[in-house]
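Because the structure is predicted, anything quoted here is derived from the model rather than measured. Reminder, nothing fancy here: chain letters follow the sequence lines and each chain counts from 1.
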Amino acid sequence: MTTDGNITANLTPLPDKVGVEGLEDKWTHTWDDEQTFAFQGDRDRTSVYSIDTPPPTVSGHLHVGHVFSYTHTDIVARYKRMCGYDVFYPMGWDDNGLPTERRVQNYYGVRVDTSLKYNPDFKPPFEGTEGKKVNARDQVACSRQNFIELCEKLSAQDEQQFKDLWVRLGLSVDWKNSYHTIGKRARRVAQKGFLRNLQRGEAYQKEAPGLWDVTFQTAVAQAELESREYPGFYHKLAFHKTDGTDVYIETTRPELLPACVALIANPNDERYKDLFGTTVTSPLFGVEVPVLAHPAAEMDKGAGIAMCCTFGDVTDVSWWRDLHLPTRSILMRNGRINTEIPEWITSPQGQEIYAQMSGKTTFSARTVIVDALQESGELIGEPSATTRMTNFYEKGDKPLEIITSRQWYLHNGGTDLKLRQELLNRGAELKFHPDFMRVRYNNWVDGLNSDWLISRQRFFGVPFPLWYPVQENGEIDYDHPLIPTEDRLPIDPTSDVPEGFAEEQRDQPCGFTAETDIMDTWATSSMTPQIVTHWDEHDGLFEKTFPMDLRPQGQDIIRTWLFSSIVRAHLENHALPWSDTNLSGWILDPDHKKMSKSKGNVVIPKEPIDKFGADAVRYWAACAKLGVDATYDTGQMKIGRRLAIKLLNATKFALAIGREDKNHHVNDSSQVTWDAANVTEPLDQAVMAKLSTVIREATAALDEYDHAHALSIIETFFWEFCDDYIELVKDRAYGTTTCSEQAMISARTTLGLGLDAFARLFAPYLPFVTEEIWHWMHDGEGSVHTAPWPSADFYEQITHSTAESLLDNAGAALAALRKIKSEAKVSMKTPILSVTLKAVPQAQREIQESLSDIACAGKVTGDITLTDLQHDDFIAAGLEGSTEEELQQKAADSFIILTAEHVLGEPPVKK
RNA sequence: GGGCGAUUGGCGCAGCGGCUAGCGCACUUCGUUCACACCGAAGGGGUCGUAGGUUCGAUUCCUACAUCGCCCACCA
């Protein structure tokens with residue numbers, strides 16, 4: 001307990017032998033029993049620190065990357081808690097999305113059929129057949145609600161292994177505050193958010209050509225695209241001019257020839273100027289198409305003149321739109337060629353070729369077309385191989401096609417420049433750690449080319465809370481959606497019925513029909529700040545926690561999770577969702593390759609934790625700065641383990657000394673007071689001075705989210721404290737020297753104050769070992785993790801203006817004495833009968849102040865003579881300088897202490 | 001093609017317009033079991049990717065290049 005000027009400790013019996021084993025189990029249970037990390041929620045926003053924790057994908061696999069970034073966040077949480085904040089640190093589970101959908105399908109052998117109604121007695125055909133691949137035809141159909149229930153059931157199992165890991169790692173999460181992204185609250189927030197967007201005109205639907213994945217048969221958004229290299233062939237095709245001559249185009253997609261609507265060249269291209277305004281006929285099909293000019297046509301690409309099809313790529317779409325071209329679509333949603341012969345193909349020969357390719361995949365259709373072209377002589381030369389970059393859905397393995405469909409969009413600045421600027425301003429307002437990551441945000445927002453497509457033609461996910469009226473003639477009136485009242489949310493339109501309608505009217509003339517699309521998973525994830533803070537629930541939590549303080553996340557999802565969250569909060573709450581964001585780096589394997597499942601180099605987090613302990617693994621993570629990639633390095637974990645053990649040993653030692661009186665009798669008093677007023681010796685005051693500086697610097701670093709720098713400062717001083725200070729004051733603290741009672745108390749007090757401070761300084765990093773040593777000192781006073789973060793001012797006032805350089809010079813003097821023995825290859829216990837130390841005058845004064853401690857620690861039995869450094873000594877020490885003053889200053893700054901004449905005694909006799 | 005980051009002893013990383021470029025691991029030598037062998041002490045080892053420039057002075061700032069990683073754009 002800290003009071004003004006002193007710290008009272010309740011000492012508990014110390015173990016004979018210390019170790020880090022067992023600490024994790026011991027303290028995780030205590031923290032759980034005592035609800036050490038529970039959010040209190042009884043103070044206002046300024047006293048709360050709230051964290052928008054990333055919900056891990058529960059169907060995904062655990063790997064050390066998880067440990068890495070979640071440790072960084074936990075360090076922040078623990079630090080802020082010690083700073084007095086009521087820390088709101090929830091945990092979410094992401095079970096909304098394709099990976100979970102697939103996992104549920106395979107695990108239970110089920111699939112969603114939105115035409116089915118909820119069946120409360122539904123039983124999946126089997127359960128828990130990991131690895132057994134179920135043929136899609138054998139999956140049993142169930143309603144979406146039944147599927148979601150199975151998903152929640154399975155997620156609960158998956159979650160457990162994540163939770164076990166987080167607990168084991170010591171994450172100070174408040175487990176009472178957890179959520180699922182497919183859970184009821186998340187669905188309600190996502191649907192309510194969407195309806196509010198709709199009311200304000202920010203969400204809209206549109207029938208338009210868009211990127212489409214033929215495997216998953218869904219539209220995909222710009223944020224889900226991935227460019228990949230894709231092999232192909234250039235085919236040179238002859239189109240026929242009216243004068244009987246040909247014009248040649250090059251294409252990698254000859255199978256789209258039936259969908260050709262125009263040939264297009266650059267308006268400045270002399271080669272084709274004469275052709276603009278004329279028509280040509282297509283090879284094989286003989287369809288007449290115009291030759292048109294458009295500035296987007298590049299003269300040096302291919303033949304300089306392109307075939308515009310509806311639709312081969314996004315350029316086709318812009319030509320089609322700008323030049324008001326007809327739509328001649330031949331691709332079906334499953335990626336196969338439409339089976340109906342299009343009405344624009346009129347020649348019998350063309351119809352026959354089309355019939356051969358209908359129903360085929362684009363790949364097979366291409367073969368048909370190429371063979372036919374070769375036969376007709378309209379393919380010039382052999383196709384030449386090429387590699388091009390093509391858009392893929394990030395989870396797909398076939399190139400995206402362009403399909404016209406009705407979709408829901410949300411304004412995100414992709415089309416509205418004013419909104420785009422507002423979102424850029426939000427990005428400028430947000431504090432990125434590290435700062436250079438904001439460039440990625442700006443790049444992304446600047447490069448948006450469309451609004452956010454939020455509808456997906458999938459079955460598992462949060463449904464759009466909408467129905468549409470069915471007209472008398474059976475047609476669906478998409479322009480006047482039926483909207484539920486907010487108090488009904490969440491709803492599923494495929495099982496719930498709009499107000500004023502009855503179930504019997506579903507899909508009937510004059511009735512209603514459900515919107516069967518679901519929302520993009522990011523449409524839900526983008527609202528995690530609103531989900532965790534209970535937005536619009538009027539239970540008081542929102543006001544205490546929103547806008548949040550921190551969003552930790554991966555750098556790979558800046559364009560998705562981070563950006564979409566800012567969009568939603570900007571539109572809904574007119575605020576940034578959080579003030580700061582922490583971006584973690586990647587984990588690289590020892591060969592500097594990014595760890596990923598596909599590379600097969602993933603390390604399961606349990607392994608290093610079992611081997612080195614949670615504190616050690618956390619130490620490894622904590623050594624890496626935010627945004628910097630880290631190598632998986634067990635060597636670093638060993639160092640963490642060593643540090644943890646050193647903390648135990650040093651604390652045990654110092655506390656044991658403190659309990660012995662001058663005659664080595666154990667003092668059984670369990671309570672001691674480390675009164676700052678008792679720090680009377682200059683060396684002890686110097687330690688307090690340095691501690692104060694260390695706290696000040698570490699605190700500043702942590703406030704800037706630089707946990708690695710703070711750790712390095714604390715750790716460096718801790719080792720100096722052990723290797724130099726403890727060694728120097730050992731004997732004085734024992735009272736075995738001829739020092740005064742007060743000098744002994746001063747040493748014991750300083751050791752106590754120092755170790756008490758180290759326990760707290762290391763607590764965010766090494767929560768288990770620090771909790772252990774804290775309880776040796778402060779049993780019955782609660783957790784170190786709710787203890788106050790050390791105050792630099794407290795230790796500074798103890799120093800009485802003693803400079804911390806006194807500690808450095810005393811340490812350097814001790815090192816000089818050790819060097820004598822090390823070079824003489826004798827034991828450190830060998831006495832030095834007499835010695836001369838050379839140092840600058842300032843250092844001599846400081847050594848004089850701690851001379852008896854130095855003599856004791858160095859086993860100097862006779863005189864220590866202090867003398868000035870000579871010019872040759874500076875040179876010998878490698879110093880350079882033009883003036884004597886400069887050399888003196890350099891020697892003082894580097895604590896140069898040399899030894900001259902010395903007489904060694906007899907080494908102690910070995911037993 | 002545009003951009004971001006990295007490049008420092010064998011390895012993993014700090015650092016910074018000038019202090020003798022630090023730390024840990026590994027290495028060498030020595031010691032020790034009375035806090036700690038899950039230990040201690042002392043020591044060796046780097047012309048800071050390359051080439052220019054700014055400066056009295058560059059590992060640090062600027063320019064170009066190289067290598068590695070990543071983001072964005074690129075389908076005729």
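A close approach under 4.0 Å does occur between a side-chain nitrogen or oxygen of A:K890 and OP1 or OP2 of B:U20. Listed pair A:K646 / B:G24 fails the phosphate criterion, with no side-chain N or O lying under 4.0 Å from OP1 or OP2. OP1 or OP2 of B:A76 sits under 4.0 Å from a side-chain N or O of A:T252. Between A:T631 and B:C11 there is no side-chain N or O to OP1 or OP2 distance below 4.0 Å. Side-chain N/O atoms of A:Y230 include none lying less than 4.0 angstrom from OP1 or OP2 on B:C75. Contact between the side-chain N/O atoms of A:Y734 and the OP1/OP2 oxygens of B:A35 is found at a separation under 4.0 Å. Contact check, A:K819 against B:G43: a side-chain N or O comes under 4.0 Å of OP1 or OP2.
When heavy atoms are screened at a 4.0 angstrom cut-off, A:W719 is found touching the sugar-phosphate backbone but no base atom. When heavy atoms are screened at a 4.0 angstrom cut-off, A:K17 is found touching the sugar-phosphate backbone but no base atom. Counting any heavy atom pair closer than 4.0 Å across all strands shown, A:I249 reaches no nucleic acid atom. Nucleic acid contact class of A:I896 (heavy atoms, under 4.0 Å, all strands): base. In this structure, A:E727 reaches the bases: a heavy-atom distance under 4.0 Å links it to at least one base atom across the strands shown. Counting any heavy atom pair closer than 4.0 Å across all strands shown, A:R642 reaches sugar-phosphate atoms only and no base atom. Heavy atoms of A:D633 sit under 4.0 angstrom from primed sugar atoms or phosphate atoms, though from no base atom. Using a 4.0 Å heavy-atom criterion, one finds that A:A297 contacts the bases of the nucleic acid, with or without backbone contacts as well. Contacts of A:S894 with the nucleic acid, taken as non-hydrogen atoms under 4.0 Å apart, include base atoms. Among the atoms of the strands shown, only primed sugar atoms or phosphate atoms (P, OP1, OP2) are found under 4.0 Å from some heavy atom of A:K625. A:R559 comes within 4.0 angstrom of sugar-phosphate atoms only, judged by non-hydrogen atoms across all strands, and of no base. At a threshold of 4.0 angstrom between heavy atoms, the contacts of A:S227 include nucleobase atoms, whether or not backbone atoms are also involved. If you check every strand for non-hydrogen atoms under 4.0 Å, A:T251 touches sugar and phosphate atoms only. Using a 4.0 Å heavy-atom distance criterion, A:D723 is classed as a sugar-phosphate-only contact.
In this structure, B:C11 forms a base pair with B:G24, meeting either the Watson-Crick or the G-U wobble geometry with both donor-acceptor distances under 3.5 Å. In this structure, B:C61 forms a base pair with B:G53, meeting either the Watson-Crick or the G-U wobble geometry with both donor-acceptor distances under 3.5 Å. Nucleotide B:G5 is matched to B:C68 when pairs are restricted to Watson-Crick or G-U wobble geometry with both distances under 3.5 angstrom. Base pairing of B:C48 is not made with any nucleotide, judged by Watson-Crick or G-U wobble geometry with both donor-acceptor distances under 3.5 Å.
For the C1' atoms, the distance from B:A66 to B:A42 is 41 Å, rounded to whole Å. Annotation: B:U59 and B:A51 have their C1' atoms spaced 16 Å apart (nearest Å). Between B:U20 and B:C25, the two P atoms lie 26 Å apart (nearest whole Å). Spacing of P atoms, B:U7 relative to B:G49, comes out at 8 Å, to the nearest Å. Using P as the reference atom, B:G43 and B:U55 are 41 Å apart when rounded to the nearest Å. When the C1' atom is used for both B:G40 and B:C61, the distance is 44 Å, rounded to whole Å. Comparing the P positions of B:A73 and B:G3 gives an interatomic distance of 16 Å, to the nearest angstrom. Spacing of C1' atoms, B:G15 relative to B:C23, comes out at 10 Å, to the nearest Å.
Salt bridge present: A:R818 and A:D724 bring a charged side-chain N and a carboxylate O closer than 4.0 Å. With respect to the salt-bridge test (charged N to carboxylate O, under 4.0 angstrom), the residues A:E401 and A:R253 qualify. Remark: A:K821 does not engage A:E823 in a salt bridge, criterion side-chain N to carboxylate O under 4.0 Å. Ion pair A:E21/A:R641 flagged as a salt bridge, since at least one NZ, NE, NH1 or NH2 atom sits closer than 4.0 Å to an Asp/Glu carboxylate oxygen.
Distance A:F718 CZ to B:C36 P: 14 Å, rounded to the nearest Å. Regarding A:L588, its CG atom lies at a distance of 16 Å from the P atom of B:C11, rounded to whole Å. As a whole-Å value, the separation of A:M389 CE from B:A73 P is 10 Å. Note: CD (A:Q636) to P (B:C25) measures 10 Å, nearest angstrom. Residue A:H294 contributes atom NE2, which lies 14 Å from atom C1' of B:A76 at whole-angstrom precision.
For A:F392 and A:Y230, the gap between ring centers is short of 6.0 Å. Between A:F239 and A:Y248, the ring centre distance reaches or exceeds 6.0 Å. Proximity of the aromatic rings of A:F758 and A:F721 is defined here by a centroid distance below 6.0 angstrom, and this criterion is met.
Under the 6.0 Å distance and 45° angle rule, A:R438 does not count as a cation-pi partner of A:W444.
Both A:S822 and A:T651 lie near RNA chain B, and the one whose nearest nucleotide falls closer to the 5' end is A:T651. Two residues, A:H709 and A:A296, neighbour RNA chain B, and the one matched to the more 5' nucleotide by heavy-atom proximity is A:H709.
In the set B:C75, B:A14, B:A76, B:A14 carries the atom at the smallest distance from any side-chain atom of A:V628. Distances from the side chain of A:I726 to the nucleotides B:A35, B:C4, B:A76 place B:A35 closest. For A:D893, the listed nucleotide lying nearest its side chain is B:C19; candidates were B:C19, B:C75, B:A35.
Residues A:P831 and A:V860 form no side-chain contact, since every pair of their non-hydrogen atoms from C-beta on lies 4.5 Å or further apart.
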